[in-house]
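Here the structure is laid out as structure tokens; the discussion comes afterwards.
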Amino acid sequence: MKVQLTRSWFFNRVFQLVILGLFAKFLFGLKWHLIFQEMPSLAEAVWLTIQLTIISLAIGFIIAWPLALLRAKRKKEWLAKIADAYVAVFRGTPLLVQIFLIYFGLGGQQWMQESFLWPIFRDPYWCVIIGFSLNSAAYACEIFRGALMNGGAGEREAAQSLGLSEFKTDWLVWVPASWRRALPQYGNEMIFMMHSTAIAGLITMTEVFGWAKDINGKFYVTYEGLIAASIVYIVLTTTIIQISKLMEKHYLSYMKR
């Protein structure tokens, strides 16, 4: 029995070493010098990815909270239903379709081209920002609505007992407390939004994925650009995770006392 286990362990280790060796040979056989000579353009692509992520998350964050309050309170039902419809549409359709509808759909309309909005909708940068922000707002709204619904009654009653107005109760008590509860889930939305920036590469923008496509096409290679892009995405994802952990440590520190 021991002999069989030893043989099994031995062959497993040999197999793993062979796979690692082949993978290492594959990696070292790639034309990495092409990536190093294109580092300036990669830096620009990374910066564009960071811009798209931060701006879209910021605008989506601002849009999401009022919508979440409308859906959680349902004081004005017709406004709450409009917010419900907004979330259903943007969560129910792919982000790629939304970007194409904004850039190629609205941008291709004659009335849009003759309007004062044309300088915005003819630029893929702003079309992507609009699409990403609206999409992020829908997902963040659902996260924030759930946080508002979990534990909101007691917080509001305590605030109102102190004589705070409804507006102050919502924005000084209910929303900040709910933000703490929403942090872990919102960290996932931050990562999702950063990964979604790859879609911008499909409408002529040179973010990280667009850069990878350009590199592969420019030098007629297959893996180099995509592997380099994957490494960048892993680094950015790890950075967002660490930022989320720091935010949770700061805002949720009272729970550990």
* salt bridge (Lys or Arg N to Asp or Glu O under 4.0 Å) between E248 and K245, worked out -> CA-CA 5 Å; E248 289 182 29; K245 288 182 178 180; over 6 Å; no
* Asked: Hey, are the side chains of W179 and M247 touching, using non-hydrogen atoms and a 4.5 Å cut-off?
  -> yes
* **Trace of the side chain to side chain contact (heavy atoms under 4.5 Å, CB included) decision for L95 with F90** => CA-CA 8 Å; L95 178 56; F90 280 92; over 6 Å; no
* Main-chain N/O of G146 paired to N150 side chain as donor or acceptor, under 3.5 Å -> yes
* To do: Return the set of residues passing side chain to side chain donor-acceptor pair (under 3.5 Å) with T93 (not counting sequence neighbours), or none when no residue passes.
  => Q98
* Taking all non-hydrogen atoms of both residues into account, name the closest pair between S178 and A147 and its distance. => O-CB, 3.3 Å
* **Contact summary for S136 and M193, nearest pair of heavy atoms** => CB-SD, 3.7 Å
* To do: Not counting sequence neighbours, which residues clear side chain to side chain donor-acceptor pair (under 3.5 Å) with R145? List them please.
  => E142
* To do: Tell me whether M39 is reachable from L48 by hopping between hydrophobic residues (I, L, V, M, F, W, Y) whose side-chain heavy atoms are closer than 4.5 Å.
  => yes
* To do: Report the distance from atom CG of L52 to atom CD1 of I129, rounding to the nearest 0.5 Å.
  => 5.0 Å
* Audit row: T197, V208, side chain to side chain contact (heavy atoms under 4.5 Å, CB included) steps and yes/no -> CA-CA 8 Å; T197 58; V208 173; over 6 Å; no
* Point-to-point distance, once rounded to the nearest 0.5 Å, from CD1 of I199 to CZ of F132 -> 5.5 Å
* Give a yes or no on whether I191 and L246 share a hydrophobic cluster (residues Ile, Leu, Val, Met, Phe, Trp, Tyr; joining criterion: side-chain heavy atoms under 4.5 Å apart). => no
* Measure the spacing between CG of L202 and NZ of K213 and express it to the nearest 0.5 Å. => 5.0 Å
* Minimum heavy-atom distance W211-A45, with the two atoms named -> CB-CB, 3.7 Å
* Tell me whether I241 is reachable from M194 by hopping between hydrophobic residues (I, L, V, M, F, W, Y) whose side-chain heavy atoms are closer than 4.5 Å. => yes
* Give a yes or no on whether F104 and M205 share a hydrophobic cluster (residues Ile, Leu, Val, Met, Phe, Trp, Tyr; joining criterion: side-chain heavy atoms under 4.5 Å apart). => yes
* Please name all residues satisfying ring-ring contact (aromatic ring centres under 6.0 Å, His included) with F144, sequence neighbours left out, ordered by chain then number. => F61, W65, Y186
For residues 231-240, dump all side-chain donor-acceptor pairs below 3.5 Å to protein atoms at least two apart in sequence or in another chain.
from : atom 1 : to   : atom 2 : distance (Å)
Y233 : OH     : E207 : OE1    : 3.3
Y233 : OH     : F209 : N      : 3.3
T237 : OG1    : H195 : NE2    : 2.9
T237 : OG1    : Y233 : O      : 2.8
T238 : OG1    : I234 : O      : 2.8
T239 : OG1    : V235 : O      : 2.9

* salt bridge (Lys or Arg N to Asp or Glu O under 4.0 Å) partners of E114, counting only residues at least two apart -> none
* Say you draw a straight line from NZ of K218 to OG of S41; how long is it, rounded to the nearest 0.5 Å? -> 7.0 Å
* Asked: Taking all non-hydrogen atoms of both residues, which atom of V87 and which atom of A138 are closest, and how far apart?
  -> CG1-O, 3.9 Å
* To do: Could you pull out all residues at least two apart from F219 that satisfy ring-ring contact (aromatic ring centres under 6.0 Å, His included)?
  => none
* Measure the CD1-OG distance between I99 and S196 for me, rounded to the nearest 0.5 Å. => 9.0 Å
* **F121: partners by ring-ring contact (aromatic ring centres under 6.0 Å, His included), with sequence neighbours left out** => none
* **Distance (rounded to the nearest 0.5 Å) between L67 CG and D84 CG** => 10.0 Å
* **Intermediate values then yes/no, side chain to side chain contact (heavy atoms under 4.5 Å, CB included), W171 and L69** => CA-CA 10 Å; W171 293 102; L69 279 170; 3.3 Å; yes
* Check: E44/T206 side-chain N/O donor and acceptor closer than 3.5 Å -> no
* To do: Just jot down the side chain to side chain donor-acceptor pair (under 3.5 Å) partners of Q37, sequence neighbours excluded, or say none.
  => none
* Structure fact -> Besides W78, the hydrophobic cluster formed by Ile, Leu, Val, Met, Phe, Trp and Tyr side chains linked at under 4.5 Å, directly or via other members, contains L70, L79, I82
* Asked: Do side-chain atoms of Q113 reach the backbone of G107 as a donor and acceptor pair under 3.5 angstrom?
  -> yes
* To do: Evaluate whether atom CD of Q110 has more than 12 neighbouring non-hydrogen atoms of other residues, nucleotides or ligands under 6.0 angstrom away.
  => no
* Partners meeting ring-ring contact (aromatic ring centres under 6.0 Å, His included) with F192 (sequence neighbours left out) -> Y139
* Structure fact -> Closest non-hydrogen atoms of G131 and I102, given as atom of the first, atom of the second and distance, are CA-CD1, 3.5 Å
* Structure fact -> With sequence neighbours left out, the residues meeting salt bridge (Lys or Arg N to Asp or Glu O under 4.0 Å) with K73 are E166, D170
* If you group Ile, Leu, Val, Met, Phe, Trp and Tyr by side-chain heavy-atom gaps below 4.5 Å, do F116 and I130 land in one group? -> yes
* Structure fact -> Nearest heavy-atom approach of G225 to A212 is O-CB, 3.3 Å
* Sequence neighbours excluded, every pair satisfying side-chain hydrogen bond (donor to acceptor under 3.5 Å, both in side chains) that has a member inside residues 118-133 -> Q51-Y125
